[in-house]
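Only one structure is covered here, and it is reproduced in the block below.
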Amino acid sequence: MNDIPSKYNPKETEEKWYQFWEENNLFHAQVNPQKKPYCIVIPPPNITGILHMGHALNNTIQDILVRFYRMQGANALWMPGTDHAGIATQNVVEKEIYQEGLSRQDLGREKFLERVWQWKEKYGSTIITQLKKLGCCCDWVRTRFTMDEQYSTSVSEVFIQLAQQDLIYKANYIINWCPRCQTALSDEESQHKEVSGKLYYIKYPLKPVSQAEPADQLTSRPADYIIVATTRPETMLGDQALAVNPRDKRYKKLIGQSVILPLVNEEIPLIADSAVDPKFGTGIVKVTPAHDPNDFEIAQRHKLTAKVVMNPDGTMSQNVPLDYRELDRFEAREAILEDLQERGLLEKVEQHLHSVGHCYRCHTMVEPYLSEQWFVDLPKLGKQATDVVTKGKIRFYPQRWRKVYLNWMKNLRGWCISRQIWWGHRIPAWYCIDCKKTYDFFRQGKVLLSEKINLLEAGIIVAEQNPNFCPKCGGTNIRQDEDVLDTWFSSWLWPFATFGWPVLDKEEKQELNYFYPTDVLVTAQEIIFFWVARMIMAGMYFMKEIPFRDVYIHGTVRDITGTKMSKSLGNIIDPLEIITQYGCDALRFSIISLVATGQDVFLSRERFESGRNFANKIWNASRFILSNLDKQKVGVDLCLFANSITELKDKWILSRFYQTLDSVTKALKNYRFNDAAKTAYEFFWHEFCDWYIELAKKTISSDPTQVILYKMLEKSLRMLHPVMPFITEELWQNLPHAGKSIMVSNWPHLQKQFIDKKIDRQMELIISCITAIRNIRSVWEISPAAKVKVKISTGKAAVEKLLKSHSAYLQDLAKIEDLEIGQNLKRPKSSAVAVIPNAEIFVCLAGAIDVEKEAARLKQKIKDLENILRNSAKKLNNKQFLTRAPEAVIRQTKEKNAQLKESIRKLKDNLKGF
RNA sequence: GGGCGGUUGGCGCAGAUGGUUAGCGCGCAACGUUGACAUCGUUGAGGUCACAGGUUCGAAUCCUGUACCGCCCACCA
């Protein structure tokens, strides 16, 4: 024992064993037809990522599953990799070169990309290193990156296939535009946030009746104008109409008339469209097709044109009056308001709370923006992806996410996949410059709202490589599309592209067939739409098969006040710091104990103490057992040894272990991680350590005790290994008959024959006896020298026999020097009383007893029990209960009732003696 | 506007398909150097399970409604 320190030191062991596992190639899985595969693909972290608690939770769960199923005999593969994270990474590198006083345009595309690759080489694997610190058993030799050459081939293959099937198209469409990142975003990348803004009521003059009053001098005279409410006055410069609801009586007469757009002095029509809500504002909307998705649709219905009034950077474009050009959109708003005010065209301003899209990468307010982009026709891909979930081929855990998923699938819209950035997969499309000239997208700033662009007419060629000449006009003036693809356009292929699809050699084909579909996808709710839904769509379309059978959605990690952890809020708890301070196993155990299925996890530093304490408990229990172990004795097979196990405590701990094992196994299979962790914890600490090891101290050198101690420890370590890989490996390696590594050992086999509820009950009786004695001692502060009498209820020979034959247990654990057990015992005068089922306990006091104190204590006990008795008696007096409740419940209630009555009677009898 | 979660002792949480004397961890109180562990042990105090109805022999658990707290979705001009 001297050579093992009394404190577990995680630092040394973690590094040592992780290296050992890697060096021995234990994470690597290969096709093996003899074995069932178990496969998880990691949600690829961004290369810009640094490990946070969300990662820690997410990857701990996956690691537990992979280790568990591997021990269960599966051929387990955890496929790792990273995501190139287009916008995020580009932003990081841009910031870096900005420090040097440069922009990416200064560098040029090629140089810039070089820089990004350099950055990736330097920092891109930080997250991987950190995952290793977490103990993750990923098959690292397979590590993929979404920008790998092979992976990129998958991406362009997918683009081309979809384009050929008309599932990818190009269109002039209104999309979400981030003026800071200067790129289009998908709907999911624009995150709505409540903003308290203002609602401006602006007067739009009706077209003048007489020539005498030129339009530009129009001011506010009642009946000469109508009022429009808007939150974004700067977009009025692009108004193409005003609209009212056709059923709105107030404005019926005005439909078809024209108004003069203030500041611009253009004549625009007043139209009727049922999308207008008469109750909002004045019931009249301005229609700005190029800068509002609603208006865009109205404009489509009414064949209006659109005018784009902003530049990509959010300043006002050439299409607006000189005064406003080049002004930032928010400066322009102020200037316009000022001018309107001056002309008396600003009726009033109201406070207005509304929700506005923000860029999910830089949090800038997103601008709805008409532009030419590429789209995936998601509605067409949705059908199968919906069916596999409706029919239960893919199951969500917890189930409630199913509904969320299906609801989203019901409302699919075109997915904007082109990004105006440089870092990413370049779109495999080429333009014939000559054809493009003739295909007029934008006519003098006014755009005809035809949604889809005819690729051939526009001279667009979708192909793997530069086609060199235009199939339409034969011209050779050809250029590749400048845009790159949305990052999620590569991630949605992750479950099969990581296996090399579609360019597969024989071996790869085997692997894909073997490991796909994968078993489970473990992720957080935020990413269901971004990623999970799209992977299902891609899987169904390209593989004709689901990508995973189960989707386990875990909660979000929050701080103790319930706020999401984020760097900018400074409420982060760094997992690496926790690992340094408490150890990796402590981190894993603690975090996993907190994840009740799908509930959010609230963390504070102190939470990790429980994990650390548990690790230390395991450490010291093992230390004790190992230092007392006779290596010669413990090598036997437990089943063969079973006949030699005759003692209650031995039978009991085996019974309890196998029940625990059964629960833990089931919990892990059902993704009930906190149950698994807590059940194992409860058993190891409060049954094995508190009772078994304590009792074993007296018989430590006997053969059965040696074997049981060894077997229970060894099996418990295996049971705990998925959750606490490092400490279990360290200790297991110290066992005399250990194999190569605990991580490739077998999950303990459930030996049901050792489960014995009768044994459990016998032990429970003894435990309650010991607890009762301790209780009295604690109340009266009695020394162990005191005599204890246990009076068995008349006729309860079995109880008498049980307690007599295990009097050593009582003497050891209750520290009794003088113990008497029998049916015909009298309560000694100076003694305190406790009652347990079928027995009474008298603990003799050294001096005279404080009669009042003891009487009060007994009275309180009686009162408590009588309260409980009243409830069960009520049930038994209820005829309905007796006729309708199941028999087993009635029997139990009767037994309980009798037991309570007996206890109360005994207590009352004893009370008489005081 | 729609949807989803939460509300259980001072704090943080468990309580899958209704029957427990309502549990656990932390904290608190008292005691404790008994052959691993003070990152420990023993004992204890502390809860009408948010509220109001309902279903049921029986509800923390199922249904309806209310109130707070939180999240997600939505083309609230």
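Below, chain A is the first sequence line, B the second, and so on; all start at residue 1.
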Q: Send over the distance from A/Lys678 NZ to B/C13 P, rounded to a whole Å.
A: 11 Å

**Q.** Phosphate contact (B/G12 OP1 or OP2) by A/Arg607 side-chain N/O below 4.0 Å
**A.** no

(Q) If the cut-off is 4.0 Å, is A/Lys7 near the phosphate of B/C37, judged by side-chain N/O to OP1 or OP2? (A) no

Q: Assign A/Pro368 to base, sugar-phosphate, or nothing according to its heavy-atom contacts below 4.0 angstrom with the strands shown.
A: nothing

Q) Is A/Ser355 touching bases, backbone alone, or none of the nucleic acid, heavy atoms closer than 4.0 Å? A) base

Q: Counting heavy atoms from C-beta on, name the nucleotide in B/G19, B/C73, B/A36 closest to the side chain of A/Asn620.
A: B/A36

**Q.** Under 3.5 Å on both distances, the Watson-Crick or G-U partner of B/C37
**A.** none

Q. For the pair made of CD1 in A/Ile693 and P in B/G41, what is the distance, rounded to whole Å?
A. 12 Å

(Q) Using a 4.0 Å heavy-atom cut-off, does A/Gln191 contact any base of the nucleic acid, only the sugar-phosphate backbone, or nothing at all? (A) nothing

(Q) Work out how far the P atom of B/U61 is from that of B/U17, and round it to whole angstrom. (A) 11 Å

Q.
Roughly how many Å apart are B/G10 and B/G5, using the P atom of each and rounding to a whole number?
A. 27 Å

Q: Would you mind pulling out the nucleotide paired to B/U48, Watson-Crick or G-U wobble, both distances under 3.5 Å?
A: none

(Q) On the six-membered ring of A/Phe624, is A/Lys697 placed so that its NZ or CZ lies under 6.0 angstrom from the centre and within 45° of the ring axis? (A) yes

(Q) Can you say whether a donor on the side chain of A/Glu682 sits under 3.5 Å from an acceptor on the base of B/A14, or the other way round? (A) no

Q. Do the side-chain N or O atoms of A/His686 get closer than 4.0 angstrom to the phosphate oxygens (OP1, OP2) of B/G25?
A. yes

Q) So what does A/Asp277 hit on the nucleic acid, given a heavy-atom distance under 4.0 Å: a base, only sugar-phosphate, or nothing? A) base

Q: Assign A/Trp685 to base, sugar-phosphate, or nothing according to its heavy-atom contacts below 4.0 angstrom with the strands shown.
A: sugar-phosphate

Q.
Only pairs with both distances under 3.5 Å count, Watson-Crick or wobble alike; so what is the partner of B/G5 in this structure?
A. B/C69

Q) Reckon A/Tyr582 touches a base, only the sugar-phosphate, or nothing at all at heavy-atom distances under 4.0 Å? A) nothing

Q | Interatomic distance, A/Asn628 CG vs B/G35 C1' [rounded to whole Å] | A | 8 Å

Q: Let me know the distance between NE2 of A/His192 and C1' of B/C75, rounded to the nearest Å.
A: 8 Å

Q | Contact nearer the 5' end of RNA chain B, comparing A/Ser190 with A/Leu199 | A | A/Ser190

Q) Would you say A/Arg605 reaches B/G12's phosphate, i.e. side-chain N/O to OP1/OP2 under 4.0 Å? A) no

Q: Could you tell me the separation between the CG atom of A/Leu720 and the CZ atom of A/Phe614, rounded to the nearest 0.5 Å?
A: 5.0 Å

Q | Span that lies between the P atom of B/G15 and that of B/C24, in whole angstrom | A | 15 Å

(Q) Please give the distance between the C1' atoms of B/A36 and B/A29 as a whole number of Å. (A) 28 Å

**Q.** First encountered from the 5' end of RNA chain B, between A/Asp292 and A/Lys403
**A.** A/Lys403

Q: Just call it for A/Arg774: base, sugar-phosphate, or nothing, with non-hydrogen atoms closer than 4.0 Å on any strand.
A: sugar-phosphate

Q: Kindly confirm or rule out a cation-pi arrangement of A/Lys403 over A/Trp408, judged by NZ or CZ under 6.0 Å from the six-membered ring centre and within 45° of its axis?
A: no

Q.
Taking pairing as Watson-Crick or G-U wobble with both contacts under 3.5 Å, can you name the mate of B/U17, or confirm there isn't one?
A. none

(Q) A cation-pi test, strictly: NZ or CZ of A/Arg534 under 6.0 Å from the centre of the six-membered ring of A/Trp415 and no more than 45 degrees from its axis. Yes or no? (A) yes

Q. Rounded to whole angstrom units, what separation is found between the OH atom of A/Tyr405 and the P atom of B/G3?
A. 21 Å

(Q) Measure NZ/A/Lys617 against P/B/U39 and give the value in whole Å, please. (A) 12 Å

Q) Does A/Arg413 have a side-chain nitrogen or oxygen under 4.0 Å from the phosphate oxygens OP1 or OP2 of B/C75? A) yes

Q | Nearest-Å distance once atom C1' is located in both B/G9 and B/A14 | A | 14 Å

Q. Just by modelled atom types, is the A/Ala290 backbone N or O under 3.5 Å from a matching donor or acceptor in the A/Thr288 side chain?
A. no

Q | Rounded interatomic separation in angstrom, taking CZ from A/Arg402 and P from B/G5 | A | 14 Å

Q. Is A/Glu854 reaching over with its side chain to a backbone N or O of A/Val833, donor-acceptor style, under 3.5 angstrom?
A. yes

Q: Would you mind classifying the nucleic acid contact of A/Glu694 as base, sugar-phosphate or nothing, using non-hydrogen atoms under 4.0 angstrom?
A: base

Q. Between the main-chain N or O of A/Leu587 and the side-chain N or O of A/Ser590, is there a donor-acceptor pair closer than 3.5 Å?
A. no

Q.
Whole angstroms only, please: what is the CD-P distance between A/Gln525 and B/G3?
A. 18 Å

Q: For nucleotides B/G6 and B/C49, find the distance between their C1' atoms and express it as a whole number of Å.
A: 14 Å

Q. Taking atom P in both B/U56 and B/C51, what distance in whole Å separates the two?
A. 23 Å

Q: Mind checking A/Val228 for me? I need base, sugar-phosphate or nothing, with any heavy atom below 4.0 Å counting as a touch.
A: nothing

(Q) Suppose you measure atom P in B/A45 against the same atom in B/A30; what distance do you get, rounded to whole Å? (A) 15 Å

(Q) Is it the case that the side chain of A/Asn616 and the backbone of A/Arg612 share a donor-acceptor pair, with hydrogens and angles ignored and the cut-off at 3.5 Å? (A) no

(Q) If the cut-off is 4.0 Å, is A/Asn411 near the phosphate of B/C73, judged by side-chain N/O to OP1 or OP2? (A) no

Q: Identify the nucleotide, in any strand shown, that forms a Watson-Crick or G-U wobble pair with B/A60, with both distances under 3.5 Å; if there is none, say none.
A: none

